[in-house]
Amino acid sequence: SEGTAPQRARLRQELGWAGLGAVGPNVMASPVVAATTAAAIVARVGGLSGVLVSRSEVVERAGTLDGDELARRCFDLDATGKRFQAFVDRFERFEPHLDRLSPEDCFKLRILAVSAFRRHVVTAPVVPAELLPVDWPGAIARSTMDRIYRAIADRSEAFLLAHLQPAAPDDAMSPIADRFAAAAPA
């Protein structure tokens, strides 16, 4: 069977999380996700039959869909690019001042920048570099993050190490080990 509407929606959602994008109605594709991965997702969702999972090659000839257009149809690269550009706009202004930041400010900037960058990276689609625009904001954001991180990492780490509270040897792991103790059944 084609499954229920909720099953089909769940399949589309899970295939999307895995990196496939909608090329057309009920057609999803990815330039990087293996067919075996897609098939495993179909099996895990269950309740469906007749789902075609295949491997193909994009042949670029006159009148055919090229790889760049396929990537644009599968993923909202414009929105993703705008999010990466917003990261660059937010953090590149710190670069001229990095050498003057205190260790505490380096630590704060490191936490903010890493958190913001990771948020963008984990939500960005996985698209081969050759299908992305030459001036892809994701690459610019990665380069910006790399420069900032390298410039502040040592001072940030020094601040962190100077402010860690060493635990007594007997209870070094107790806060971590007891983290879920309150939820344990009696």
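Quick caveat, the model's predicted, so the values are computed rather than measured.
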Contact summary for [X] and [Y], nearest pair of heavy atoms:
X: I148; Y: E95; result: CG1-CG, 3.9 Å
X: R90; Y: R93; result: O-NE, 2.9 Å
X: L98; Y: A151; result: CD1-CB, 3.7 Å

Worksheet entry | Partner set under side-chain hydrogen bond (donor to acceptor under 3.5 Å, both in side chains) for D146, not counting sequence neighbours | R150

Practice prompt. Under the side-chain hydrogen bond (donor to acceptor under 3.5 Å, both in side chains) rule, collect the residues that match up with Q13, sequence neighbours excluded.
Written response: none

Show me the side-chain donor-acceptor pairs of residues 133-144 shorter than 3.5 Å, one per line, residues at least two apart or across chains.
residue	atom	partner	partner atom	Å
S143	OG	R147	NH1	2.7
T144	OG1	I140	O	2.9
T144	OG1	R147	NH2	3.4

Any chance you could measure [X], atom [atom1], to [Y], atom [atom2], to the nearest 0.5 Å?
X: L20; Y: I41; atom1: CG; atom2: CD1; value: 7.0 Å
X: K82; Y: D76; atom1: NZ; atom2: CG; value: 8.0 Å
X: F87; Y: F84; atom1: CZ; atom2: CZ; value: 9.0 Å

Worksheet item: Are the side chain of T37 and the backbone of V33 linked by a donor-acceptor contact shorter than 3.5 Å?
Response: no

Worksheet item: Between the main-chain N or O of D89 and the side-chain N or O of E92, is there a donor-acceptor pair closer than 3.5 Å?
Response: no

Discussion item. Determine whether R10 and Q7 satisfy the following criterion, side chain to side chain contact (heavy atoms under 4.5 Å, CB included), listing intermediate values before the conclusion.
Written reply: CA-CA 5 Å; R10 181 172 171 224; Q7 286 171 317; 5.7 Å; no

Worksheet item: Is there a side-chain contact between R155 and F159, using heavy atoms and a 4.5 Å cut-off?
Response: no

Worksheet item: Taking only residues two or more places apart in sequence or in another chain, which ones pass salt bridge (Lys or Arg N to Asp or Glu O under 4.0 Å) with R44?
Response: E14

Practice prompt. Could I get the full list of side chain to side chain contact (heavy atoms under 4.5 Å, CB included) partners for N26, not counting sequence neighbours?
Written response: R12

Just distance, no hydrogens or angles: give the donor-acceptor pairs under 3.5 Å from side chains in residues 106-130, sequence neighbours left out.
residue	atom	partner	partner atom	Å
K108	NZ	E104	OE2	3.4
R110	NH1	S156	OG	3.1
R110	NH1	E157	OE1	2.7
R110	NH2	Y149	OH	3.3
R110	NH2	E157	OE1	3.2
S115	OG	I111	O	2.8
T123	OG1	R119	O	3.1
T123	OG1	H120	O	3.2

